[in-house]
Number of protein chains: 2
Amino acid sequence: MARRDEPQQSRAELRERVLTALRELLRERTFDTLSVADIITAAGVSRASFYFYFAGKQAVLAELVRRAVGAGHEAAQPWVQAAADPRETLRAGIDAGAELWLANAAVLRAIVETWASDPQLRELWLAQMETFTDATITRIEADRRANPAVAARLDGVDVQALAASLTWTGERLYYLAACGVPPFDDRAVLVDTLTHLWVSALYD
Amino acid sequence: MARRDEPQQSRAELRERVLTALRELLRERTFDTLSVADIITAAGVSRASFYFYFAGKQAVLAELVRRAVGAGHEAAQPWVQAAADPRETLRAGIDAGAELWLANAAVLRAIVETWASDPQLRELWLAQMETFTDATITRIEADRRANPAVAARLDGVDVQALAASLTWTGERLYYLAACGVPPFDDRAVLVDTLTHLWVSALYD
DNA sequence: ACGCTGACCAGACACGGCGTATGGTCGGGC
DNA sequence: GCCCGACCATACGCCGTGTCTGGTCAGCGT
């Protein structure tokens, strides 16, 4: 027994097989309905090997999330760094976020539904949100210094809290969109609404 | 055996014992870590009786949620019905929401973390959010008719989507507050920020 | 006084998922 | 030629679920 199905698959690319197997499975079923048996069957990997490389299915999901979200920071960069007319770059950033969520809907949906129940995932996701919040704060403070109107508008406002709430609003609406909950399943509506919230909270 | 521990507890108040037992347990542990065994032990009820009255622990949670949220509609009523100066009544409504979440933090937290994984709970929670969204729409439309400035501000805006997004933003921030995630664990910050988002999106 | 019925109980069951342990097979480096 | 590390199948103990069985108790009608 113990024959190699794929004779010459390079060694530690077995990890990769597990990761892509989970990513594929998530396109059809939700994370909580997936068992380790499902994953290793799809990956063509033994139970023992699975537990050698991963602490459990949460660990696999964590890795997928880290990868999926790496691209997220770049998506937000234009708005964070741009100097002029925030409204347009902001909208572009929100649209890029929608794109990112669309591309990784299955994985992101899984973590949003799971982070509360697992310490590792919780820390990962909270840290992730904090990263976006920090980027937002940086940009807001820059606007505040450069633009008296913005400074006036934000007078007495807790910028940290405002940035965090905008970040989390994004998380929620993108998530609902990924779930197909109306009216956010319509991408144009999603982007318009989110943009309206950000613009009116910060600049109007 | 089979002696009645509480000799003369009226009959179908056994249901109630289960409900309050879960509510109490949720004050200390999260829903997903609770087993049916835990619940029936705390309630002093047999496994068979439990399954006679409830389809599972989700069904118990669903009932707790329905009760907890009934009070929520009343909390929102002042703002929905009030004719004048929305800002103050709006803030009062948001504060009442915080109060409601504080009082029922354990139950509400449980459903927010669980509704994605159970069809019944999903329908329940989505319907709940829709109810709040509808109330918000009603109020916004009234403002729009009564106040030209509001009408101008909301020109071309999808009111339905805006109302829904504000509702879900509330859900998220109240939830984070219940989880003790900063900066929302500070109630004043929470209410200020949420109020700022609503006011700037609708009236400013 | 009797027995029936309905509410309730304890306990056990089959099932399925989890995480670990065992023993064995293969390929490649020395 | 051999040894080691990567990998496999299998099975185990544990725990939670939902169902089923058999039995105890109260109240009520007769």
Side-chain angles (χ1 to χ4, degrees), chain A residues 1-22 25-26 28-64 110 113-121, chain B residues 1-22 25-26 28-63 110 113-114 116-121:
Chain A
M1 298 143 211
R3 65 187 67 91
R4 301 265 127 83
D5 296 324
E6 303 289 337
Q8 234 19 36
Q9 298 281 34
S10 111
R11 288 329 233 228
E13 159 270 8
L14 181 149
R15 262 182 80 85
E16 229 56 38
R17 289 223 303 278
V18 173
L19 287 162
T20 62
L22 177 56
L25 284 174
L26 282 175
E28 298 175 359
R29 300 167 52 188
T30 52
F31 185 72
D32 61 305
T33 70
L34 259 61
S35 70
V36 174
D38 293 327
I39 299 173
I40 64 183
T41 300
V45 161
S46 82
R47 197 168 186 76
S49 300
F50 176 89
Y51 278 106
F52 178 78
Y53 286 109
F54 299 99
K57 41 176 200 156
Q58 292 85 359
V60 187
L61 177 60
E63 181 130 354
L64 286 179
E113 291 170 357
T114 316
W115 68 268
S117 71
D118 181 277
Q120 312 270 353
L121 295 179
Chain B
M1 298 143 207
R3 64 188 68 92
R4 299 268 125 78
D5 296 324
E6 303 288 337
Q8 233 18 37
Q9 297 281 32
S10 112
R11 294 321 237 234
E13 158 272 6
L14 180 150
R15 263 183 78 85
E16 229 55 38
R17 290 223 301 278
V18 172
L19 288 162
T20 61
L22 177 56
L25 285 174
L26 282 175
E28 296 175 358
R29 300 168 51 188
T30 53
F31 185 71
D32 63 303
T33 70
L34 256 53
S35 72
V36 175
D38 293 328
I39 299 173
I40 64 183
T41 299
V45 162
S46 82
R47 195 169 187 76
S49 299
F50 176 89
Y51 278 105
F52 178 79
Y53 286 109
F54 299 98
K57 37 172 203 157
Q58 292 83 0
V60 187
L61 178 59
E63 181 129 355
E113 292 170 356
T114 316
S117 71
D118 181 277
Q120 312 270 353
L121 295 180

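To find a chain, count down the sequence lines: A is the first, B the second, and so on, and within it residues start at 1.
Legend: salt bridge (Lys or Arg N to Asp or Glu O under 4.0 Å) pairs involving residues 39-54 of chain A, not counting sequence neighbours: none detected. A salt bridge (Lys or Arg N to Asp or Glu O under 4.0 Å) check over residues 35-45 of chain A, counting only residues at least two apart or in different chains, returns the pairs Arg29(A)-Asp38(A).
Counting heavy atoms from C-beta outward, Thr114(B) and Asp32(B) have side chains that stay 4.5 Å or more apart. Between Val60(A) and Ile39(A) the shortest side-chain heavy-atom distance does not fall below 4.5 Å. Looking only at side-chain heavy atoms (C-beta outward), Val18(B) and Leu22(B) stay at 4.5 Å or farther from each other.
As a whole-Å value, the separation of Ile40(A) CD1 from dT10(D) C1' is 12 Å. Going from atom CG of Asp118(B) over to atom P of dG18(D) covers 10 Å, rounded to whole Å. Tyr53(A) places its OH atom 13 Å from the P atom of dG5(D), with the value rounded to the nearest Å. Between Leu14(B) atom CG and dC25(D) atom C1' the separation is 15 Å, expressed in whole Å. Between Asp32(B) atom CG and dG16(D) atom C1' there is a gap of 13 Å when expressed in whole angstrom units.
Side chain of Lys57(A) to main chain of Phe31(A): a donor-acceptor pair is present (N/O by atom type, distance under 3.5 Å, no hydrogens or angles).
Side-chain nitrogen and oxygen atoms of Ser46(B) include none within less than 4.0 Å of the OP1 or OP2 phosphate oxygen of dA10(C).
Rounded to 10°, the angle separating the first-five-pair axis and the last-five-pair axis of the helix from dA1(C)-dT30(D) to dC30(C)-dG1(D) equals 20°.
The side-chain contact (heavy atoms from CB on, under 4.5 Å) test applied to Ala48(A) returns Ser46(A), not counting sequence neighbours. Contacts of Phe50(A) classified as ring-ring contact (aromatic ring centres under 6.0 Å, His included), with partners at least two apart in sequence or in another chain: Phe54(A).
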- Its contact letters, B for base, S for sugar-phosphate only and - for none at protein heavy atoms under 4.0 Å, make nucleotides 15-20 of chain C read --SBBB
